[in-house]
Amino acid sequence: MSEPTTGQPLIASRWVRVLDLAAYLSGILLLGIMLLVATAVFFRYFLHQPILGSQEIVQLGMVLVVMLAIPSTAAHDLHIRVDLLDKALGEGGRFFADLLGRVLGIVVLSLMVWRCVLKAFDTYEYADTTNMLALPLWPIYAVIAAGMGMYAVILLVEIIAPFKTRGLNHD
């Protein structure tokens with residue numbers, strides 16, 4: 001589990017393409033947010049006309065940026081790792097530490113998905129919106145749930161894959 005698989009996702013290539021497309025969309029959104037912030041600063045300080053609601057758009061946009069990019073990052077195994085204890089644990093210890101980390105990740109992400117789905121239904125039912133622009137909040141919670149859910153599935157695939165390959169290598 002500790003061998004890097006960067007560039008070689010364990011999930012089917014068509015799903016990786018979908019995740020990569022979401023990550024590219026995330027990058028485009030980030031560029032749009034940067035342009036909005038620069039424009040809002042210019043309008044506020046030079047024209048003395050703030051862009052009303054720009055802060056709400058930035059806040060919601062950043063949630064989308066992160067949640068659209070996380071699954072692709074996980075699928076390509078591009079998260080930052082700290083390997084302070086790798087030598088002390090040895091190969092077997094690293095395997096079980098990685099396994100434990102992924103299992104705990106799945107548990108935490110599953111709880112967060114569950115709570116975000118419930119929150120999405122609540123915000124939809126009560127028609128919760130942002131203060132200035134009255135943008136509905138339920139789609140944001142749905143995107144958070146989807147991003148974390150995809151990440152949990154990728155962690156599950158990463159848990160299963162080494163056992164499959166080890167089973168195939170016993171010739």
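Note that these values count all heavy atoms, side chains included, but never hydrogens, waters or copies made by symmetry.
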[atom1]-[atom2] distance between [X] and [Y], expressed to the nearest 0.5 angstrom:
X    : Y    : atom1 : atom2 : answer
C116 : L109 : SG    : CG    : 10.5 Å
M62  : I57  : CE    : CD1   : 14.0 Å
I70  : L78  : CD1   : CG    : 12.5 Å
Q59  : I33  : CD    : CD1   : 10.5 Å
Y24  : I28  : OH    : CD1   : 10.5 Å
D20  : H76  : CG    : NE2   : 3.5 Å

Exercise. Counting N and O atoms only, with roles assigned by atom type, does the side chain of E158 sit under 3.5 Å from a partner on the main chain of R102, one being a donor and the other an acceptor?
Worked result: no
Give every donor-acceptor pair under 3.5 Å between a side-chain atom in residues 35-52 and any protein atom, sequence neighbours left out.
from	atom 1	to	atom 2	distance (Å)
T39	OG1	L35	O	2.7

Suppose we screen for side-chain contact (heavy atoms from CB on, under 4.5 Å). Which residues come up paired with [X], at least two apart in sequence or across chains?
X    : value
V117 : V113, F121, A145
L60  : T130, L135, L137, I140
P139 : P136
M150 : L19, P71, A146

Exercise. Please walk me through it: do I159 and I106 pass side chain to side chain contact (heavy atoms under 4.5 Å, CB included)?
Worked result: CA-CA 10 Å; I159 288 172; I106 290 170; 3.6 Å; yes
Exercise. Can you list every pair that meets side chain to side chain donor-acceptor pair (under 3.5 Å) and has a residue in residues 105-126, with sequence neighbours left out?
Worked result: none
Is there a path from [X] to [Y] through hydrophobic residues (I, L, V, M, F, W, Y) whose side chains come within less than 4.5 Å of each other?
X    : Y    : answer
V153 : V18  : no
V65  : V58  : yes
V108 : M67  : yes
L156 : V103 : yes

Problem set entry | Minimum heavy-atom distance L133-E56, with the two atoms named | N-OE1, 3.0 Å
Exercise. Looking at L68 and S26, what are the two nearest heavy atoms and their distance?
Worked result: CB-CB, 3.8 Å
For this session: Walk me through it: do L21 and L25 pass the test side chain to side chain contact (heavy atoms under 4.5 Å, CB included)?
Result: CA-CA 6 Å; L21 183 64; L25 179 60; 5.9 Å; no
Problem set entry | Contacts of type ring pair (Phe, Tyr, Trp, His ring centres under 6.0 Å), residue H79, not counting sequence neighbours | Y151
